[in-house]
Amino acid sequence: MSMRLSVVGWTAAAAVLLVSQGASAGGLEYTGAGAQALGRGGAVAARADDPMVLMYNPAGLAELRGNQLMIGSNLALLSACVDPIGYYGWGAYNGGSPSRFADTKAGESLTLNLGSSNEGAEGAYYRQPLDTVCADPAVTPVPQVGITTRLTERLGLGFGLMFPSVTPPSKWGGDNGIIHTAQGLRPAATRYMMLNSGTLGVFPTVGLGFRVAKWLRLGASVEWGIINVDNTNMAGVSAGTTPAGDIIARVRAVDWFIPGFTGSVHLVPFDSLDIVAAFRYQGDMHASGTIDLTT
């Protein structure tokens, strides 16, 4: 019987491991907003210790003692590089349109007749392996500010500026997708993914927490989100990777009102156990703006 149970157990474990799981990605983010959440890997919903409960568990406002002021910041010192596989000549064709690489800040430029010549500077371009592309990050603090007070023994009020737990943007390949290499100016291999993401936002938030009974707290917070988008991407308007066919698209827009809401229920069945259920909603961004296209 013991042998059979062991076989069944191992078979079940193997079946679980063989089940494929979905994967998702949302960019680079901190593990949580605020110093405590960052240090605890985001596991802070059931700890009502500071004004960050406005974001995670507004019912916890009924737990905070006295008046509290919190000023904090996350600061990312990002070092990230992409080491692509391949050669600059892959997909470089459609002759007759000279490709001009320019670094306006350094005052340098280079023109190659790609597709019409296989010698000299053009031949070196085709055979050169793709160079490493590193991010040029914007070292920008992501602040968190919160003020809370106890209106009564059961009722807590809070106000703050709560920012998302995202890292600041970075540039990949400068403003126009051109990098410096040992052989001169070259188009960054990452230019079709992202050149620059400059989205900024501010989220004024106000919340209330009420202790209904010794074992039950209820809370809600609302926010007014303001988002400014300034993103730059690059796309090829024709087949292939010849830089002469690239076009830069810079999108700039502002949404002055994105509503948000967080509600939570905080249960304390006995002193050594806290159970929190929270729900968060944030509206979609609807913004008008401009698109600048540069060939």
Side-chain angles (χ1 to χ4, degrees), residues 24 26-27 29-76 141-167 199-228 255-286:
S24 60
E29 295 187 355
Y30 295 105
T31 53
Q36 187 177 113
L38 189 63
R40 293 172 57 87
V44 293
R47 285 184 66 94
D49 289 338
D50 59 42
M52 287 304 297
V53 294
L54 278 166
M55 175 176 286
Y56 298 113
N57 172 25
L61 289 167
E63 292 289 285
L64 299 183
R65 298 287 131 188
N67 302 320
Q68 294 195 21
L69 169 65
M70 180 206 70
I71 301 176
S73 177
N74 290 350
L75 179 64
V142 179
Q144 308 292 343
V145 180
I147 302 173
T148 62
T149 185
R150 292 292 292 275
L151 300 178
T152 69
E153 184 61 27
R154 290 189 171 191
L155 181 63
L157 170 68
F159 172 80
L161 296 177
M162 303 287 111
F163 290 79
S165 54
V166 296
T167 59
T199 301
L200 298 174
V202 60
F203 300 85
T205 305
V206 61
L208 285 172
F210 183 70
R211 179 160 54 87
V212 179
K214 184 178 180 180
W215 56 273
L216 175 63
R217 291 93 168 136
L218 302 176
S221 62
V222 293
E223 69 179 33
W224 179 315
I226 302 171
I227 296 288
N228 178 79
D255 191 336
W256 293 100
F257 178 62
I258 301 177
F261 169 82
T262 302
S264 66
V265 177
H266 190 149
L267 301 175
V268 187
F270 44 89
D271 288 343
S272 58
L273 178 64
D274 291 72
I275 302 173
V276 172
F279 169 80
R280 176 172 173 80
Y281 163 80
Q282 189 173 64
D284 295 332
M285 178 178 177
H286 299 282

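Keep in mind that the numbers below use all heavy atoms, side chains included, and drop hydrogens, waters and symmetry copies. Quick note: residue numbers are just sequence positions, from 1.
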Undergrad: Run the salt-bridge test on Glu63 and Arg154 with the 4.0 Å N-O cut-off and return the result as yes or no.
TA: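 Looking at Arg154 together with Glu63, the answer is no, because their closest N to O distance does not fall below 4.0 Å.
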Undergrad: Do Val276 and Leu267 pass the side chain to side chain contact (heavy atoms under 4.5 Å, CB included) test, and can you show the C-alpha distance, the side-chain angles, and the key distance before you say yes or no?
TA: CA-CA 6 Å; Val276 172; Leu267 301 175; over 6 Å; no
Undergrad: Would you confirm whether Asp255, through its side chain, and His286, through its main-chain N or O, come within 3.5 Å as a donor-acceptor pair?
TA: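 Confirmed, Asp255 side chain pairs with His286 backbone.
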Undergrad: Checking side chain to side chain contact (heavy atoms under 4.5 Å, CB included) against Ser221, which of Leu208, Val206, Thr205 comes through?
TA: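 Answer after filtering Leu208, Val206, Thr205: Thr205.
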Undergrad: Would you name the heavy atoms of Ala59 and Ser264 that are closest together and state the gap between them?
TA: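 Heavy atoms of Ala59 and Ser264 come nearest at N-OG, 3.0 Å.
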Undergrad: Consider ring pair (Phe, Tyr, Trp, His ring centres under 6.0 Å). Of Phe159, Trp256, Phe257, which one does Trp224 pass it with?
TA: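 With Trp224 as partner, ring pair (Phe, Tyr, Trp, His ring centres under 6.0 Å) holds for just one option, Phe257.
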Undergrad: What are the two closest heavy atoms between Asp271 and Asp274, and how far apart are they?
TA: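 In terms of heavy atoms, the two residues are closest at O-OD1, 4.4 Å.
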Undergrad: I need the Asn57 CG to Met52 CE distance, nearest 0.5 Å.
TA: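 Nearest 0.5 Å value for the CG-CE distance: 12.0 Å.
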Undergrad: Check the pair Met55 / Thr262 against side chain to side chain contact (heavy atoms under 4.5 Å, CB included), numbers first and verdict last.
TA: CA-CA 7 Å; Met55 175 176 286; Thr262 302; over 6 Å; no
Undergrad: How long is the gap from CG on Leu161 to CD1 on Ile147, to the nearest 0.5 Å?
TA: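 Leu161 CG to Ile147 CD1: 8.5 Å, rounded to 0.5 Å.
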Undergrad: For Leu216 and Phe210: C-alpha separation, side-chain torsions, deciding distance, then whether side chain to side chain contact (heavy atoms under 4.5 Å, CB included) applies.
TA: CA-CA 9 Å; Leu216 175 63; Phe210 183 70; over 6 Å; no
Undergrad: If you measure from NZ on Lys214 to CZ on Phe270, what distance do you get to the nearest 0.5 Å?
TA: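 It comes to 13.0 Å.
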Undergrad: Hey, does Val145 have a side-chain heavy atom less than 4.5 Å from the side chain of Phe163?
TA: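 They are not in contact (no side-chain heavy atoms under 4.5 Å apart), so the answer is no.
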Undergrad: How long is the span from the CG atom in Leu61 to the CD atom in Gln68, to the nearest 0.5 Å?
TA: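 The CD atom of Gln68 is 10.0 Å from CG of Leu61, to the nearest 0.5 Å.
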Undergrad: Can you measure from CG (Asp50) to CG (Leu69) and round to the nearest 0.5 angstrom?
TA: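 So the gap between those two atoms works out to 11.5 Å.
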Undergrad: To the nearest 0.5 Å, what is the distance between CG (Leu64) and CG (Leu157)?
TA: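 Taking CG in Leu64 and CG in Leu157, the distance rounds to 11.0 Å.
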Undergrad: Thr148 vs Arg150, test: side chain to side chain contact (heavy atoms under 4.5 Å, CB included). Steps then yes/no.
TA: CA-CA 7 Å; Thr148 62; Arg150 292 292 292 275; over 6 Å; no
Undergrad: Would you say that Glu153 contacts Arg211 through its side chain, given a criterion of any heavy-atom pair below 4.5 Å between the two side chains?
TA: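 Yes, close enough: below the 4.5 Å cut-off.
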Undergrad: Measure the shortest side-chain to side-chain distance between Arg217 and Val268 over non-hydrogen atoms and say whether it is less than 4.5 angstrom.
TA: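 Contact flag for Arg217/Val268 side chains = yes.
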